[in-house]
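Before any comments, here is the structure.
Chain identifiers are assigned alphabetically (A, B, ...) following the order of the sequence lines, protein sequences preceding nucleic acid strands; residue numbering begins at 1 within each chain.
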Protein chains: 2
Amino acid sequence: MPDSNTRRKGAATIDLVLCAVRRGRLHVLVAKMGGATALPFAWAADGASLEVAAQELARQYTGHAAAWLTAGTPTAGKRHASSCALSVPFIGVTGPTTTPRNDAAWHPLDRLPALAPRQKAMAELVLDSLRLHMDLAPVAFRLLSSAFTLAELQHVYELLLGRRLHKASFRRALHAAYLVAPTDEWRSEGRGRPAQLFQYAPRKRRGGHRSVRFDLLSG
Amino acid sequence: MPDSNTRRKGAATIDLVLCAVRRGRLHVLVAKMGGATALPFAWAADGASLEVAAQELARQYTGHAAAWLTAGTPTAGKRHASSCALSVPFIGVTGPTTTPRNDAAWHPLDRLPALAPRQKAMAELVLDSLRLHMDLAPVAFRLLSSAFTLAELQHVYELLLGRRLHKASFRRALHAAYLVAPTDEWRSEGRGRPAQLFQYAPRKRRGGHRSVRFDLLSG
DNA sequence: TCAATAGTGTCTGTTAGACATTATGGA
DNA sequence: TCCATAATGTCTAACAGACACTATTGA
């Protein structure tokens, strides 16, 4: 992990907003730096791809690469007052089983520990960006196993979007987007009717692909 | 302008996609570098804001700062094969009267000269990003004088979005978004009924601001 | 049987897009 | 007058959201 002893490898830093669904809530990985808390970050190595570096950062903290990861727009200003570096935010998602190393922990998104104002703003910005592009990126599917119920999928969407969705409308939108395909398997989860399992199977559609619209409200 | 003789000021470059409306078409400023053509770029000075640097770049090329400008998401990889730099794309708009210096020229968006593949991809990406966020950023108004007709506004929207909009729907969306206010002036443009002049006057609205939706089609 | 969850059918208010109509200038 | 453009009203198909209903399991 980069600290004050680490040799400066480049002039840009990577800040990582790594998310995971744990116990039905969206969590963000936060590192403990001495007494303070901060988002995981790293100096970008000269010549290396930023995304590769961000994945390496995720691997250092959780032992696994992120299941999905993308860069955001660099915010104005530098990460630390002492540095002259440009900071590129990355947002990623990872499975709930990834246990972070000692100096980091998962925190519920709505109860994040104190972060530097710039980091907090950056995290919110990159999360908003994710939510705006959820209809284009298959993020939710990376947080589920290859076969999942539609209720599970909707739950992940709700956590990532930060709001409730409407069941019938969600399924209609899914159908219209040709994103999932039913399998012939069913899963019984305690009481209630068993749920059919689906797979992520985006199909190209004549006349242009149709993105999932989520103007949907509380259901 | 940065060239091989310029002292390296930082480890990041800025690439500028500067747009202007000229003769009813969207143009992009392209620089001539020796025999080749390329997007204007600059090394980011250590410690300086990227946006300030991008505006300085626009001023160097056109004599004026961009009327609107924002950063995009850095693409993977470097700008030049020989450099190890990270490249941050900027997209901006400027007025049609800005004449570029000798080693640069406006080119219609649909007839851009040959660019390096990475630059071409970056330009398309940042333009797509602009189009996705047009409903949030008041870009179009920066390309018009303070008083404008709704036909002019619609035309700018169409050029920036790259598609035709529907007149009645456009005006309905504008009204719903509370973005413009009518003045008591009218402009007669040759033949036909004079058009009322409007001003950009975004009003906060109880219950959350409503963004302009443009699912509108050919009109 | 009841409870709980999955899945689906139907209705309605909203609205994007199309179309028609009126208004108002210049030629 | 005719034509061109501005501005507005109306209609319709599509659809988001709401609601209700059926289906299928376990307790």
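The shortest heavy-atom contact between B:Ser87 and B:Met122 is OG-SD, 4.1 Å.
Listed nucleotides: D:dG9, C:dG25, D:dG26. Nearest to the side chain of A:Ser188: D:dG26.
Taking atom CD of B:Glu152 as the reference point, atom P of D:dT5 lies 14 Å away to the nearest angstrom. Atoms CZ (A:Arg193) and C1' (D:dT25) sit 9 Å apart, rounded to a whole Å. Atom-to-atom, CD of A:Glu189 to C1' of D:dT24 comes out at 15 Å; the value is rounded to the nearest Å. Going from atom CZ of A:Phe198 over to atom P of C:dA6 covers 12 Å, rounded to whole Å. Rounded to whole angstrom, the span from the NE2 atom of B:His166 across to the C1' atom of D:dT8 amounts to 13 Å. Atom CH2 in A:Trp186 sits about 9 Å away from atom C1' in D:dT24, given to the nearest Å. For the pair B:His175 NE2 and D:dG9 C1', the interatomic distance rounds to 14 Å; values are reported in whole Å. Distance B:Lys167 NZ to D:dT8 C1': 9 Å, rounded to the nearest Å.
OP1 or OP2 of D:dA7 sits under 4.0 Å from a side-chain N or O of B:Arg171.
Ring geometry for A:Phe148 versus A:Phe141: interplanar angle of 30 to 60°, hence tilted.
Looking at which nucleotide of DNA chain D each of B:Thr149 and A:Gly192 is closest to, the 5′-most match is held by B:Thr149. Toward the 5' end of DNA chain D, the nearer of the two residues B:Ala168 and A:Gly190, judged by each one's closest nucleotide, is B:Ala168. Between B:Arg172 and B:Arg191, the residue anchored closer to the 5' end of DNA chain C is B:Arg172, taking for each the nucleotide with the nearest heavy atom.
Stacking of A:Arg101 on the aromatic ring of A:Tyr61 is recorded, both the 6.0 Å distance cut-off and the 45° axial limit being met.
By the side chain to side chain donor-acceptor pair (under 3.5 Å) test, A:Arg191 pairs with no residue at all, sequence neighbours left out.
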